Amino acid sequence: MEGSGVGVEISPMKILAIESSCDETAAAVVEDGRRILSNIIASQVEEHKLYGGVVPEIASRRHCESIVGVVNEAIETAGMTLSDIDAVAVTFAPGLIGALLVGVNFAKGLAFASGKPLIPVHHIKGHIAANYLAHPELEPPYICLAASGGHSQIMRVESYTKYSTIGRTLDDAAGEAFDKAARAMGFPYPGGVYIDKAAKVGDSKRYKLPRPHTANPYDFSFSGLKTSVINLVHNAEQKGEKVDTNDLAASFQYTVADILTGKFVAAANEYGYKTAAMAGGVAANSGLREMLEERCKASGITLYVPPIALCGDNAAMIGSQAYFEYTEAHITADGSLNAVASMPL
Ligand code: KG4
Ligand code: ZN
């Protein structure tokens with residue numbers, strides 16, 4: 001065909017992605033990192049709710065039970081068979097080790113048996129890539145705020161696979177602080193979404209909560225804030241006083257959103273970014289989305305946020321990032337791939 005002037009049609013790359021790092025067993029088929037062909041999630045949250053948090057042993061067991069059905073459903077919903085899939089991707093880090101191992105071993109077996117490339121994906125990189133599925137025009141470089149149950153980070157996204165960290169949490173992640181503060185307020189696990197709901201009808205100025213100082217102005221520290229909510233509730237209980245849960249939820253949410261947004265927009269301005277994105281489970285928070293949108297707009301920054309459905313854990317985001325790992329960084333793994341519980345970006 002060379003020199004004939006006839007274009008060679010390259011068929012899109014279809015990646016089957018698997019995610020099992022915490023309490024969702026998920027599988028998806030994604031085309032060229034940008035289009036979702038299927039996105040299946042089996043959530044275990046109702047079971048973990050009984051214990052007030054994720055029980056790792058239960059999570060691993062449920063992943064084992066669900067993974068075959070979830071993967072089959074992802075392939076079928078995409079209108080395909082395994083032979084139509086070009087590569088298998090999997091979250092290999094970070095997360096609960098037993099939970100990660102289920103996805104990693106399943107993906108290794110599937111890739112090996114079908115002779116397809118295996119692409120390992122870092123979970124937080126996946127969260128960031130959720131934006132590529134929702135916003136076709138978004139391309140690096142940009143600045144990103146990643147906030148989930150295990151991470152709070154401001155980073156420069158230099159390319160689809162290269163990042164550098166500007167600030168990170170020194171103790172609790174934002175989502176962790178939401179969940180622990182929510183537990184003190186009497187909400188079920190995971191509490192972030194309950195605080196979000198209560199905050200809508202609460203007075204955010206009612207309770208004054210601390211804002212910790214950090215040596216690096218772009219680092220976070222949420223542990224003192226979380227403890228002050230717990231102490232406030234306990235002290236009120238001891239004195240027989242009533243805490244207004246809606247007002248406390250609103251005050252807590254406002255403080256977290258103000259800290260995240262203040263540092264993020266300041267970093268964007270200092271480093272000269274006009275494009276920004278947010279990612280991770282906490283990006284679903286309505287107060288944070290609103291505040292960040294407003295303040296980015298005021299600084300002339302275009303902000304990208306995934307739709308709520310793609311903020312939490314899912315496999316489509318893993319399939320998106322896998323495409324870029326494969327095509328930009330040429331990353332593949334062999335049978336020696338292992339799960340890793342903790343790994344920086
Ligand atoms: O990204 P994600 O689904 O899992 C991890 O990778 O950790 O994030 C889960 C976290 C939980 O802490 C959850 O409470 C929080 O995201 N979250 C929220 C909201 N929805 C989920 N936090 C605040 N407001 C929400 N609407
Ligand atoms: Zn996550």
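Remember, it's a predicted structure, so these values are computed and weren't measured experimentally. Both ligands and their constituent atoms are indexed starting at 1 by order of listing.
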Item checked: Within reach of ligand 1, part of Asp196 (heavy-atom separation under 4.0 Å) -> side chain
Next item on the list: Just jot down the side-chain contact (heavy atoms from CB on, under 4.5 Å) partners of Thr261, sequence neighbours excluded, or say none.
Entry: Val265, Leu288, Met291, Leu292, Arg295
Using the ring centroid of each side chain, check whether [X] and [Y] are separated by less than 6.0 Å.
X: Phe178; Y: Phe252; answer: yes
X: Tyr326; Y: Phe324; answer: no
X: Tyr160; Y: Tyr132; answer: yes

Who's the nearest protein heavy-atom neighbour of [atom], and how far?
atom: atom 17 (N) of ligand 1; answer: Gly281 O, 3.6 Å
atom: atom 6 (O) of ligand 1; answer: His123 NE2, 3.0 Å
atom: atom 24 (N) of ligand 1; answer: Asn285 ND2, 2.9 Å
atom: atom 13 (C) of ligand 1; answer: Asp179 OD1, 3.7 Å
atom: atom 9 (C) of ligand 1; answer: Gly149 N, 3.7 Å
atom: atom 2 (P) of ligand 1; answer: Asp313 OD1, 3.5 Å

Could you tell me whether some N/O pair between [X] and ligand 1 is separated by less than 3.5 angstrom?
X: Gly192; result: yes
X: Gly280; result: no
X: Pro190; result: no
X: His127; result: yes

Notebook entry, point to check: When rounded to the nearest 0.5 angstrom, what distance separates CD1 in Ile67 from CZ in Arg62?
Noted result: 14.5 Å
Notebook entry, point to check: In the hydrophobic cluster built from side-chain contacts under 4.5 Å, what are the other members alongside Leu101?
Noted result: Ile97
Can you name the atoms of ligand 1, numbered from 1 with element, that are less than 4.0 Å from a heavy atom of [X]?
X: Ala284; answer: 20 (N), 26 (N)
X: Gly312; answer: 3 (O)
X: Gly175; answer: 12 (O)
X: Gly150; answer: 7 (O)

Check: Is there a salt bridge (Lys or Arg N to Asp or Glu O under 4.0 Å) between Glu328 and Lys162 once you walk through the steps?
Finding: CA-CA 10 Å; Glu328 185 183 90; Lys162 285 203 187 77; 5.6 Å; no
Next item on the list: Would you tell me whether Ser164 and Glu158 have side-chain atoms, one donor and one acceptor, within less than 3.5 Å of each other?
Entry: yes
Next item on the list: Determine whether the side chains of Lys274 and Ser299 contain a donor N or O and an acceptor N or O closer than 3.5 Å.
Entry: no
Next item on the list: May I ask you to test the Ile318-Ile18 pair for a side-chain heavy-atom distance under 4.5 Å?
Entry: no
Next item on the list: State whether Asp258 and Arg211 are salt-bridged, where the test is any N-O pair (Lys NZ or Arg NE/NH1/NH2 against Asp/Glu carboxylate O) under 4.0 Å.
Entry: yes
Next item on the list: Identify whether the distance between the nearest side-chain nitrogen and carboxylate oxygen of Glu65 and Arg61 falls below 4.0 Å.
Entry: no
Notebook entry, point to check: Counting no waters, how many protein N/O/S atoms sit under 2.8 Å from the Zn ion (ligand 2)?
Noted result: 3
Next item on the list: Could you go through the salt bridge (Lys or Arg N to Asp or Glu O under 4.0 Å) check for Glu294 and Lys297 one step at a time?
Entry: CA-CA 5 Å; Glu294 246 167 49; Lys297 203 168 165 198; over 6 Å; no
Margin query: With a cutoff of 4.0 Å, is Gln253 in contact with ligand 1, counting heavy atoms of the residue only?
Written below: no
Next item on the list: Could you establish whether Cys22 and ligand 1 come within less than 4.0 Å of each other, counting only heavy atoms on the residue side?
Entry: no
Margin query: For Lys200, give me all partners under salt bridge (Lys or Arg N to Asp or Glu O under 4.0 Å), at least two apart in sequence or on another chain.
Written below: Asp196
